[in-house]
Structures are given as C-alpha cells and as structure tokens.
Amino acid sequence: MPEDILVDIRRDYVLSKLRDGERIDGRKLDEFRKIEIKTNVIEKAEGSALVKLGDTQVMVGIKMQPGEPYPDTPDRGVIITNAELVPLASPTFEPGPPDEGSIELARVVDRGIRESKAINLEKLCIEEGEKVWIIFIDIHALDDDGNLMDASALAAISALLTTTVPAEKFELGDDYPLPVRNLPVSVTSLLVGERILVDPTRDEMSVGNNFVTMITDQDDNFVGMQKSGTFLLSEEKFYELMDVSIEKARQIREILKDI
Amino acid sequence: MPEDILVDIRRDYVLSKLRDGERIDGRKLDEFRKIEIKTNVIEKAEGSALVKLGDTQVMVGIKMQPGEPYPDTPDRGVIITNAELVPLASPTFEPGPPDEGSIELARVVDRGIRESKAINLEKLCIEEGEKVWIIFIDIHALDDDGNLMDASALAAISALLTTTVPAEKFELGDDYPLPVRNLPVSVTSLLVGERILVDPTRDEMSVGNNFVTMITDQDDNFVGMQKSGTFLLSEEKFYELMDVSIEKARQIREILKDI
Amino acid sequence: MPEDILVDIRRDYVLSKLRDGERIDGRKLDEFRKIEIKTNVIEKAEGSALVKLGDTQVMVGIKMQPGEPYPDTPDRGVIITNAELVPLASPTFEPGPPDEGSIELARVVDRGIRESKAINLEKLCIEEGEKVWIIFIDIHALDDDGNLMDASALAAISALLTTTVPAEKFELGDDYPLPVRNLPVSVTSLLVGERILVDPTRDEMSVGNNFVTMITDQDDNFVGMQKSGTFLLSEEKFYELMDVSIEKARQIREILKDI
Amino acid sequence: MEELKLIMDGKRLDGRGFDELRPIKIEVGVLKRADGSCYLEMGRNKVMAAVYGPREVHPKHLADPSKAIVRYRYNMAPFSVEERKRPGPDRRSVEISKVSREALETIIMTEMFPRSAVDIFVEILQADAGSRTACLNAASVALVDAGIPMKGIVTSVAVAKVDGQIVLDPMKEEDNYGEADMPFAFVIRNGKIESIALLQMDGNMTRDEVKQGLELAKKGAMEIYQLQREAIMKKYRTEEEEE
Amino acid sequence: MEELKLIMDGKRLDGRGFDELRPIKIEVGVLKRADGSCYLEMGRNKVMAAVYGPREVHPKHLADPSKAIVRYRYNMAPFSVEERKRPGPDRRSVEISKVSREALETIIMTEMFPRSAVDIFVEILQADAGSRTACLNAASVALVDAGIPMKGIVTSVAVAKVDGQIVLDPMKEEDNYGEADMPFAFVIRNGKIESIALLQMDGNMTRDEVKQGLELAKKGAMEIYQLQREAIMKKYRTEEEEE
Amino acid sequence: MEELKLIMDGKRLDGRGFDELRPIKIEVGVLKRADGSCYLEMGRNKVMAAVYGPREVHPKHLADPSKAIVRYRYNMAPFSVEERKRPGPDRRSVEISKVSREALETIIMTEMFPRSAVDIFVEILQADAGSRTACLNAASVALVDAGIPMKGIVTSVAVAKVDGQIVLDPMKEEDNYGEADMPFAFVIRNGKIESIALLQMDGNMTRDEVKQGLELAKKGAMEIYQLQREAIMKKYRTEEEEE
C-alpha cells in the first residue's frame, strides 16, 4: 500500500480514538511512554547515555578537550551541541550535512542545558582567556518513533551526569566528575484541536507537526520554549502547556536523580 | 504571460527604439541614470554606502580587523572583496555559494580599487610581517535593475571614503580615517550592433549580455577592463569605449568628490 | 550508435577472443602494455613523473613544505596522497570533489608507498614534535585507457625517486635528494571467469570491474592488496594472483632501477 | 564579570520605560524587482524584506500539488554585526528561518496557489537584539505589498527579563546581559490579537513572569501593528494620489 | 619509539591465543523503524546496523531498471573514538563503504527487485580495530532480519602480523603497532566458506604469511558464522514463542 | 621593497626584445579518450587541453533546445605552482573559466548541435604568467582536432607594461612586478585578425599605451596563429602518411 494512504489511515485512526479521549497506545493524554536510561555505554566517551522512550532510541556521547574560550567569556568552558539524524534511525532521514530539523533539535537541547546553567562552566576554566574545557554533546539518533526532542534532552543530561573531565589524558591533573548542578527536563506536546498529547509517537505525529517544547529546571522555572510547526497556538493552550510541562518534568526529574 | 515571451517583446521594443537612436527610458546613449549616494548608513560597519543607480540599489559595508599580511607584502594591509547576489535582489538570483557572476563582479570591483592604489595600504601596516589591517569590502546587492557592476564599484569607493580605521576597538591607538588617495570609477557599456549604451538597464540587457567595463583613475588612466559576455568586439568600438569611459568617469568622479 | 550498445559489442568481442585465450590487443594474459616513464617534467614541483601505460597517461607531482607532525609520530615526515580524476581524462569523470573511485585510488597508492617504507620518514624530521616535512603526492590523471591504479603507483614512485627536498627555499640548509629506500610496485589484474588479465585496458574492463591489486616490495613481500569490484574471488585464484603479481612486479622494478 | 546595572531609577539604559518599544520606521514598496518589499528599522535593526510569488517552484520536485510552498530566508549581511560575519547561512539563521517560515505560513492562503512558491527573503543590514522580530514585521508588510492573500497579519516582538524586571522589546545590552529573552509573533485579525504564531524562549522565567511577558508582548504587538497598517495605507494613498 | 612487546609467553596482550577471537555479542531486530537491524559487539567495537528496502530510489535517476541498487554507509559517531571525530564522511569511511558494499552486493539477489534500493546503514558507536569487519557482520545479520533474499551470508574477520606472528582478529594495539593488517570477508553457503568477498591488506607479509593468514581467517569466520546463525535463530524462536 | 629592474639595455630579463614571444611548443591529438586534444608549452607554462563533444548534456535541465552549450574548465594541478595549490576551483579559476568560455563560444557553431554540450577542459600542469592565454591557444587547437565546426580560430596573448615599456607575452617576473597586464584573445579568420574575443586588463595604462599594447598583441597573435596552424597541419600530414 502506498505510504500516503497509510498516513491517511493512521491519521483517521488517531483522530477517531481521540474523539473518545483515547490514544492509540492506550496512554493517558499526559502520559509519557516507558523511559529507560543506560549510562556509560561508550567507554571511549567521557560520558554517554542511551535513552529509550518507548521505541524511540537516542544515544548521546560527551567528548571533552582543552580549547580556546569565547572572547566574551574568557573564564568559562564551552558547550558545543550537535545532532545527527542519521538515515539508520528513520526512512525519512537523509545522509548529508545537518538539515533544519537536526539543527533545531541540537539548538533546543543546547538551550536547556545552557540556560538552566546545568554545567558549572566557571569550573571548566584551565587558564583564563587561553584555555578552557570544550564539551562536545553529540546527539546520535538510533530509532525515531516520535519525540526525538525529549529523548535527546534526557540522554544529554544523563550523559553529562556521568561525565568525567579527562584531565589526566591532557596532563592537567586528576580526573574529576563534570560539575552538574541542575536538571533541565524537556516536555514536548502535540496539539490536536483542543487536545494536548504529551510525548507523541510517530503514529500520532501523522496528524500534523504541531509541537510545543517546554524545558523547566529543578525550581520549576522555564529555561527554554520552542513552538515548532505550522499552526496557531491559543493563549489558553499556552497556559495549559506550562502547567502540564512543569508537572511532567517533575516526574521525569525523579528518574534522573537516580543516575 | 510566460517570462520568455515577455523577454522577446522587451527586446523588440528596445531594438526598435534604438533604430531611431533612442533608449526606452529616454536617456541619451551615453547618459547614466540618476545617481544617489548615501554614506554611513550602517553604524556598525567601519564604512558603508547605499548607491542607487536608477532603480538599481547596492549596499557596500566595510569591516576592518587586524590580521596576517600576505608573505610577499609583509608591510601592507590586505583587501578582501566579496559580493553576494542575494535572491532578494532579483528573481534570477539563487541562494548558495557565489556563482561566476558574483565572483566576476567582486573581482572586477576589487581590481579597480587595488590597481588604482586607491587605498594607501602601506599606512595599514601594524607590525611588519606580523599584523596588518584587513579590509573587507562586502558588496550586497538589493535591487538589480541592471548594471550592478558600476553601482557596486561606486558604492565600494563611496564606503571606503567614509571608513574609519577602528584602531581603538583593537587597542591600537586612536581611530583615523582610512587613507584613500584615488577615485577609480567604473563605466559599463552594452554593445548593441554599432551602438554603445552606457549604464544599461535590466530591460536593455534583454538584447544580450554584451558588456565592456572600463575603470579609470583620476588621471584618466585605465586601471581595469573586462569584456563580459559572448560577443566579438571590433577594434574601432574598443577605442570608442575608451573615450566614452574616460569622459563619463570624469562626470561621476565629481559626485564622489562631494562625499 | 548509443554508448550501451557499443559496450555490449565490445564485451562480446573481448569475451570471444578470450575463449581462444587471446586478448584483443594481442598481448599475453600476463603481459603489461608498453611502459614509458618521463621524470622531472614539472620544474616547479619538487619531483614529477609522467607515466604512459599504453594509452593511459598519469602525471604525478610532488610538493614538499614544512608542517606539523602527527602527534603519534612526532619525529617523522608526513605523506599526503591525493588523486584527481579530472574530466579531461575520461568522458565518465565529473568535475567536483573526489568520489569513491579517486579516493580508493589515492589510498591504495598511498598504502604501497607507506607500508613498503619507501620513504625514510625519520630523515624528514626538522624539529621533533614541531616541524617535519610534509610530502604531497598529487596524482593527476590525463588519459584513462584502463588501469589507472598501476600507472598512478608507478608515476608516484618514479616522481619520488627524482624528488629533491627543497630545504634552501625554506632556509633549512642545503637541498638533498628525498631518501627513497624501497620500490613498491602495483600489479592490477582483471578477473574474467577463470582467466586473470594483467594490466587491463578500458575495453577489457567492459566485461566488469573485477579487479585485484597487489603491491609488492623489492623483497617480493606484499605491502598492499585491494579487491575492488562486485565479484567473488576463489581461494585458488587468490594464490594465482599472488604469484603473477610478484613476477610482474619484478619486471617493472627493473625499469624503475634505471631512473 | 562585573555586575552591569541594566535598570536604574525605573528606566532602561536608553531611557525607555519597561513597556516601551524602540523607535520603528517602516517603508513599503522600496524595491523594483521584488513583487513586494519593505524596509524596516526597529531600534538599531535595519532590515529589508522582499517577497517573490506566487511563482514557479525550482527545483520542480519541491512543488506541492495541493498548495503553495512557503520559503523564508533570514540572511545577515557580513557587515551587519560587530565582528564581520562570514557570508552564508549558519545554524542560528537556519533555525530562525524555520520558525519564521512556520509563523508566516499559518496566515498565507497557500491552498489558492497549488504547485507554486511564495519566497520571502529578509536581509539584515544591521543587527541588534530582536532582529528576527524586525524581520517578521517587515516580511509581513512585504507580503501585503506583494498582494499575497492572507488570513491576517503577523506582528512580532520580544520581551525580556532584565534585572528581575519584565521589559518590552529588549535591545542588545538587555539581550546579552539579561536573564531571559522571549520572542513572540501574533496573528492579528480584525484589529485583534487572535493567536500565537511564533514562540521561543531562553533564559530563566517563572510561570508568572512568562504570563506577564505575554501580556506585555501583546501590548507591544498592537502598537507595531498600527505602524504596519499606517505604512501600508500610506503607500496606497500615495499611489492613488499619483494616479 | 620504544619497542612494544605485543606477544609474551605465547599470549597476546589481552591474554588471547593467536587463533582466538575477541568476545562477540549479537542482537537481532533491535530497531523499530528499520526493516532489519542488528546490534553487534566485537571486542570493544559497538556497532548498529539497519537495513531499509527494497524501497524506492531517491533521487530517481540512480535507479537501475534491471536490478536493485545497493548502498552502504559506514559512519562513525563523533564520540566513538579517542579524539572526537568531526561528523560526516571522511576519505577512510568512503573507501570502507565502497569495499563493504561491493562485498555484500555479491550475495544480495538484486535482480529480484529492479528499480529499487537496498540501503544498509552502519553506525559505529564505539570503534576499535576491526570496525569494518564488525560492521559487515552486523550488516549481514540485519539483511537476513530484513528478509532480503540472499545467496549466502557474509562473515568478516581480519588477521594481523604481530611480532612476526600471524594472529586472528587484532585489537587496537596490535593494529597500531603490528606489522600488517588483513581484513577478509567470506561468503558462507550451506555452512561452508565458498569464496572471498572482501580482501584488503596493508603492512608487510610474505607469500606464506598471507597463506597462513587466510587459513586463520577462515577458521575465525566459521566461528563468527555460528554466532550469527544463533542470533538469528534465537530471534525467530522468540518470535514463535511469543505468537 | 627594493626596485627590481626588469629591463636592462633594451632587453628583458630572459634576453627577449619587447616584441618577442616566449618559445612555444604545440602537440595535437595527444590523448586517446578525448575527442580532441592539445598539449602546449608557452614559456614555462605547460598545459593540456581536451575537448569532448558535441555530446549529451548532464544534468539534462542544462540543455538548450536551440543550440549546444559550451563549458570550459580551467583547472590548476596542485603541483603546478610554487606553493602547492589546494585541489578544486578557486575564485580566480572561476573568473578565467567564464571569460575563456565566452571567448570560445563566439566562434563555435553551436546552433548546429541543439541540446548538446561542447566541453573544453584545460589542465595547467605548470603555471607561469599568461596561463590563461596558453590555455586558450591549446583549447582552440583541441577544438579543431575534435572537428568542432568553427567560424575561425581563437588566438590569445597578453601584453604588459614593464618599467614604463609595453612588452609582449610577459613572464612571471614581469607580471608580478610590472605596472600592468592585459590579456587579449582574437578571432582569426582567413589569416586575418577580425575582432577581440577576450579582453581584460589590470594595472595602470594611458590610452596611448593601451593602443600600443593592442598593436603589439595583434603582432604576437599572428605569430602564435602560424604555430597553431603548423601543429594542426603536421598532425593531418602525419595521419595521411600513416594511411
């Protein structure tokens, strides 16, 4: 059966279930899929995590090396976040340089880490104005069954939580754990008519790419937001999204605290 | 009406007027369109100018920063000229890296500045062999109604005339005006049969891309020439072009002297 | 006549001759085409050679300049091999960045030079950990009538044999000949059914891209091998190829000794 | 880094109150080749927007048989910023182009022009904080100038948190040293804000601060909307007079 | 450089004998989106293979009217190696992708699927010596998992010359400091090695050493083949049990 | 910089008079795969030109239904210059390719071959001053060798101003330290120069000096034209003899 007919059938099914307030996989509207986090999966990386969000799988590896600081922050480490939507992870991903989808993914995840001040960058200065630690956060999608955003954000902070600064390798003293001091959590919702579906699957996304991502920190403050997709958002839904994002993030943060 | 039919109609009209020795906008064969020059339009640039040549609009911004000299001229500043034919300026321009048209434009404008020795590069040495001023001349086309070449050359020298060397910003002493000591002027003509049309418009260019650009300095010497387009040039026309180019450049140079 | 029909006719002709154990140009199965080597053809290069293998022509130029060593070999020179299959050399080559064919060519030629330790890289250290000689081996195909691999390998070692280290130009003492201490020779064969055709021509390649390249050094040891093409190789043929490669390489090495 | 005071005596560094916009200047129809165009200044931002279309799609395989595709290119001139920017799109421009396109696509009646393209190009000639909002405001006017049928007008403005205070339309210093930045774009129809077309945020804000920010942004958007309207009407008045 | 002893008392640095493989772990069908997939560890190599197809070819002009085209992408994650690798293909990856594709294409019944593509993607999540062989072994299993009709199975392993000794399946140190490296891939059919599908070599080996290496590689390949079979059968058993 | 004397006692650094060409060597039909080819030396310039066509255009959308398209690629080998050049086109090569293509296109009877392409590739194996003129001379001969119908032959030579003197066919030192450089290409038909096909100039020249330069260039072009003719005729004579 051609792909576009399948998409139509899938959409109709998703919508007809939704009319009864149900999701096709039986979840509640504000329920995340099952979350599994494995850390330290790549020994050659300074930190790493494999996150499964239902069938969605994302691996994040952290590499660190000494490098030059930005001129305007001479005493702080540097974060560089990159995402590769490799064609292994989805029939719709193409090889080649990052497209707007992977750039947006990397930048939103980066914003959550950066704006929550999750990493104490002041502690990553080696020699002011000359040398600081560069942290490469590389997001590697493995299986895209929807909501790569939250899976990537979760894998990034999980990997950072288990990262060791490789000082010895560069003859800069003893290794030490990366100083992480906040736990930003991303919550992405799909808007379908008046409904808000948290953590949408690939099948649910057949109704449209109408997403809002909201990232909160451990004080329930917002550190990042991104509306993504061609749709209009009402003020009312905006406030509803803030509430649901705070609440779901709290639950997920509990899992992170066990790492 | 499809675009190619429009082009045909336009060409026929241009040619039929020309048979009577007239141009479609009523100008004389050797007459430039109205020239407007605004300088210092971009405060963040070290120098800038917006040039209107009829409906053609080009902005040039000058940025300067310290950098390494070329090995064979260790005591001189460096000029880097770049042109972007952004798709905003014409339905025929495409986004992407510079194509041969924008490369030729940048290189011919660069040649005029460089070969007329308009900028006293010896005065832009900071530390011989180590550090000199790099001058970035960025040509940004805004509206292409024909003859971007002369508009760009005019905008470039106008912007340079109002450029301040930003020495303070780099803690290299007091700011000072960029030492400009010559006024190269570019005159581009369209060849149509036996006729020479100075400063051709977009509509006139529908008869063919048969251009010759000649750049002269304030002593009426030639500092740059470029035949551009698939056509043959007779010796006779070549000499005629030299005369008209010298004469028109003199007129335009008067405008520059008022900057 | 369309190209694909010509290919069919050519293939049938090659195969019908082969049934009688003959090649279309009358050579024996294990016979190379006539080899011509001209060295020092480009005075501006540190070394150069033009190799003709029948109608196949390849030029290799060597450029050398001081640069940084690799961190894991701080006391050794660096070899960088690059191949350009410029569209001048064949109707099937396209302009643009190196494709997999030219990358494979460059890497196999490089392996022969490197693994035979043909160049005494220890003698190309200028200052340990800081500065060593970088050797650029640039392979420039001129006419591809088949077996660019062996022609390129031969041109590379020939050019190296006549290379002068340009120490004076960089004020690093007197010029001296590049220390070459081994003569790797590449032998490429086409496999057609049970037959092994050494040094295949373009026409012979119409039966399929079933190549094996084997590179031996002056002790008849193997320093590089590459199976190239979508085909299966039997163990028996593998051993036969080793024997023929050693034997042919010995013959070609005699030519090299005269350079 | 020494603490920079961004607010003193209830005033911002440039003397504005918390709910004041920077000066805005809008000119419509300033380019000949484009089908619609707009030059806009918003504080020190200077941007030029051009619209081409509906027109044929190149390359053709991008065409959609059911509606027009919308493309948006946010591009900074090399001389538009303190340190010269290398020409060509960077990751930031790509993200801004995406969310801006999505905001404008919501109001363009794309279904009226199947297989065609509406191309929106915005050049940032000088950049200050809020260049993406300035560009959206210019693009919106250029779309009207090009006669593209739309369901409303898009108006964009950012709010920021600065020294703990929520302020409207932050300038460079407030963006660099403030605690949060939150750009919005709204769809305005029949003179009223209907919904949110663009929403981004980074920094640190409580739920209440976000709410406060949204209210402030709406107020600012309505003021900008009036200027957009005036600029458009001025052009049409002028054209009528000229006829 | 000081001489590194890679073999002591007849044992290798990790305690293996000359003819021993590193530990291997294979999991089949681990990805949802791909048509076939396999996660494989071989020593410290950790690779993930996915197969998509037979499916439509994009761009279309690459399609072959007489058979399926086969594409293979060997890609290293930036964090897979000691020093972070810049994303995107380098020259080494391009060469490995080429010879790996050629090896697998020999066994895929491409003539059954004209105008279509079989895409094989392999991500190296952690790299050690022999990553190309680990990838081929994973890709081969993923092809089976995807149900692609094949004339056999491809199994790959390298041999090396280390301190003058020919050893099986070299690890990083042996690859870096050894005298030669020689990766093979074989086609195995009806439980027997039929022919060589991939052959590369660099270093310095006599004719006899090459011969010895081939024999050792064949022995290793048969062991890997058994593990590949078991992993595939385990998956099908599990599926049957679940039904 | 110390003043370099480029002219002493009425002679140039290499002993030439003002109106003398550097030694020229031309060989026709030196490549097998190309439809036409020419190897040419002009002083220390060593260039190889190949012509393919008229042939099918790839990609197809570039084809012109009314005539053949002409493409020209001026490419420098990495080893052709003092300091190794990175492979691939730079801005200078792109400009030279453009004006060279435009010069040759004027004489090719493109209207005879609609929808096809005439591809001209020139490789600079060693570069000295005037490489673009050497390439055009080689390309022109290669076009004849390929049997492309033409309305004449293109012959190219530069003049320069050196120590105030106009000289023919400048070499490297004269190009680097001279006051002006002016490459020309002419169309020669029936043994006579008809018109100018390529014209560029940079430096500083009075109107009279330009005139003087043109006259000198014409003289030089006629000499080169004779060598081009001889080379072509020699090849055809040889071919006839061989038959």
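Every chain is numbered from 1, with letters handed out A, B, ... down the list of sequences.
In terms of heavy-atom pairs under 4.5 Å with chain B, the best-connected choice from F/V99, F/L198, F/V187, F/L214 is F/L214. The candidate from B/M214, B/K227, B/E236 with the greatest count of non-hydrogen atom pairs under 4.5 Å with chain F is B/K227. The choice from F/A103, F/P89, F/A197, F/S97 that makes the most heavy-atom pairs within less than 4.5 Å of chain B is F/A197.
Contacts between residues 59-66 of chain F and chain B, defined by a heavy-atom separation under 4.5 Å, are made by no residue at all.
Considering every non-hydrogen atom in both F/L6 and F/D163, the closest pair reads N-OD2, 2.9 Å. Closest of all the heavy-atom pairs between B/S186 and B/D150 is OG-OD1, 2.6 Å.
Note that OG of F/S100 is 12.0 Å distant from CD of F/E105, once rounded to the nearest 0.5 Å. Interatomic distance, F/N204 CG to B/T216 OG1, rounded to the nearest 0.5 Å: 10.5 Å. The CG atom of F/L21 sits 5.0 Å away from the CD1 atom of F/I224 when rounded to the nearest 0.5 Å. Distance check, rounded to the nearest 0.5 Å: CG of B/D12 to CZ of B/R10 gives 11.5 Å.
Using a 4.5 Å cut-off between heavy atoms, B/F231 contacts chain F through its backbone alone, with no side-chain atom that close. With a threshold of 4.5 angstrom between heavy atoms, B/F238 approaches chain F through side-chain atoms but not through N, CA, C or O. There is no contact between B/D219 and chain F, counting heavy-atom distances below 4.5 Å. Only the side chain of F/R101 comes within contact range of chain B, judged by heavy atoms closer than 4.5 Å.
Ring to ring, F/F186 and F/F184 are close: their centroids are under 6.0 angstrom apart.
Within the structure, salt bridge (Lys or Arg N to Asp or Glu O under 4.0 Å) contacts touching residues 207-217 of chain F (residues at least two apart or in different chains) are B/D243-F/R207, F/K161-F/E209, F/E215-F/K218.
At distances below 3.5 Å, not a single donor-acceptor pair connects side-chain atoms of B/K131 with backbone N or O atoms of B/C125.
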